[in-house]
2 protein chains.
Amino acid sequence: MALDHAILVSLLEQPGSGYELARRFERSIGYFWTATHQQIYRVLKRMEADGWIDVREVAQQGRPDKKEYSVAALGRDALSRWLHEPIQPESVRHDLAVKIRGAAFDDPAALIREVERHQRAHADRLAHYLAGEVRDFTGPGAPAPPDAGQELQHVVLRGGIAYERMMLAWLDDVLATLHRLRPER
Amino acid sequence: MALDHAILVSLLEQPGSGYELARRFERSIGYFWTATHQQIYRVLKRMEADGWIDVREVAQQGRPDKKEYSVAALGRDALSRWLHEPIQPESVRHDLAVKIRGAAFDDPAALIREVERHQRAHADRLAHYLAGEVRDFTGPGAPAPPDAGQELQHVVLRGGIAYERMMLAWLDDVLATLHRLRPER
DNA sequence: TCGGGCATGTAAATAGTTACATGATTCA
DNA sequence: TGAATCATGTAACTATTTACATGCCCGA
């Protein structure tokens, strides 16, 4: 289970509250590991009880108080242990592929809208990634020379960019296939 | 939840037993939706109780009897309903990306072996996909002209191929980055 | 005063993983 | 005889999702 570890990494990059983590899981780290705030609060509680993370109550002005979590020595050890363990081939969950194969038993043309929707979502995400890359890594405001952490974050982002480009190209292929199968043409 | 639907699609493509489904989920449909036999038997039982699928006891020679499942009208309806519903952006789970970002707080070079392992796994899977493509779709034994079902299965397979190629290229990028970060060099 | 953002949670249901269990047949 | 394949399951645990819940502050 890597939610624990994803949270530890995020807290090492920047300590923060459960709420802040939940927002990071909607962007940034959330692009390769999703989690809702309910899950995050539960895991934070457990990791705190296990001594993996420390809490600090932070009073804020004009906002509710928050609990700022940071990684303790035990948490660092747990992360390190996980990093040195091999991980098994990741399990994929690709609804759209199931739908495409299922379309053979329904109306393939009915999927066109759905595929177009996905294509737009991927195009948006790609644009977002590319903007982030310029902002954080390749633009004039980016730190030079980058440190190891930045290099590693950048290569993960490049993976996201490559993934979105691959998906857009494939969804084009899917659309062309669906159009070819339409009876009326 | 798409496991139900993945099973329905697989049974429409070819009726079969829980055991056979479990093996399909190790190949073919399993490349974009994973499930273990325990999950499959549970879902089959539920779908049978709901009248989505029919069972037929099949006696076999030299093997235990099996229950052959096939999709009933109610199951087809359920699948059709799902196909016409939009699906939400899929949630990603990418352990390796978490590990790479985590490596900033450990020894990045220690990840090299792990990344190489993943690269080999993706290369194997790509070779497997390409062999399947020739066998089922582009080779001389393939049916010509292909029907809609084959076209759709082929486009899903092309997606798998594109994914594996993208991953191999990205893992090269990751390795180059990790090597660049090694202190000794 | 109403909606949205900040902040934290509980409860219930569903899904997924891991471990255990059984029993037949075939092949080395 | 022992391992591998075929075949089906139960039980316990862990993870994830969805729904419900509270309360403060700020700006329109």
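Lettering follows sequence order; numbering is per chain, from 1.
A straight line from CH2 of B:Trp33 to P of C:dA15 spans 10 Å, rounded to a whole angstrom. The CD atom of B:Gln88 sits 13 Å away from the C1' atom of D:dT16 (whole-angstrom rounding). A:Asp4 has its CG atom 12 Å from the P atom of D:dT14, to the nearest Å. Regarding A:Gln61, its CD atom lies at a distance of 17 Å from the P atom of C:dC6, rounded to whole Å. Rounded to whole angstrom, the span from the CD atom of A:Glu68 across to the P atom of C:dT8 amounts to 10 Å. Between the CZ atom of B:Arg46 and the P atom of C:dA13 there is a distance of 15 Å, rounded to whole Å. Computed from coordinates, the A:Gln60 CD to D:dC24 C1' distance equals 12 Å when rounded to whole Å. Note: NZ (B:Lys66) to P (C:dT25) measures 17 Å, nearest angstrom.
Among the nucleotides C:dG23, D:dG23, C:dG16, the one closest to the side chain of B:Gln39 is C:dG16. With distances taken from any side-chain atom of A:Leu3 to the nucleotides D:dG23, D:dT16, D:dC6, the minimum falls on D:dT16. Among the nucleotides D:dG9, D:dT17, C:dA7, the one closest to any side-chain atom of A:Thr36 is D:dT17.
Looking at A:Arg23 and A:Glu20, no side-chain N of the basic residue comes within less than 4.0 Å of a carboxylate O on the acidic one, giving no salt bridge.
Contact annotation: A:Tyr19 side-chain N/O to C:dC6 OP1/OP2 distance is under 4.0 Å. At C:dT8, none of the side-chain N or O atoms of A:Lys45 fall inside 4.0 Å of OP1 or OP2 (strictly under the cut-off). Taking side-chain N and O atoms only, B:Arg63 has no distance below 4.0 Å to OP1 or OP2 of C:dT25. In this structure, A:Tyr41 does not reach the C:dG9 phosphate: none of its side-chain N or O atoms is under 4.0 Å from OP1 or OP2. In this structure, B:Ser17 reaches the D:dT8 phosphate: one of its side-chain N or O atoms is under 4.0 Å from OP1 or OP2. Taking only side-chain nitrogens and oxygens, B:Gln38 never comes nearer than 4.0 Å to OP1 or OP2 of C:dT18.
Ring pair A:Tyr129/A:Tyr31 is perpendicular by interplanar angle, where above 60° counts as perpendicular and below 30° as parallel. Note on ring orientation: taking the six-membered ring where Trp is involved, the planes of A:His154 and A:Phe137 are parallel (angle under 30°, cut-offs 30° and 60°).
Shown here is B:Arg113, whose CZ atom has no more than 12 heavy atoms of other residues, nucleotides or ligands within 6.0 Å.
Ranked by how close their nearest DNA chain C nucleotide is to the 5' end, A:Tyr69 and B:Thr34 are led by A:Tyr69. When each of B:Lys67 and B:Arg93 is assigned the nucleotide of DNA chain D with its nearest heavy atom, B:Lys67 is the one assigned upstream, toward the 5' end.
Remark: the B:Asp95 side chain and the A:His5 side chain contain no N/O donor-acceptor pair separated by less than 3.5 Å.
One N or O donor and one acceptor, one from the side chain of B:Arg42 and one from the base of C:dT17, sit under 3.5 Å apart.
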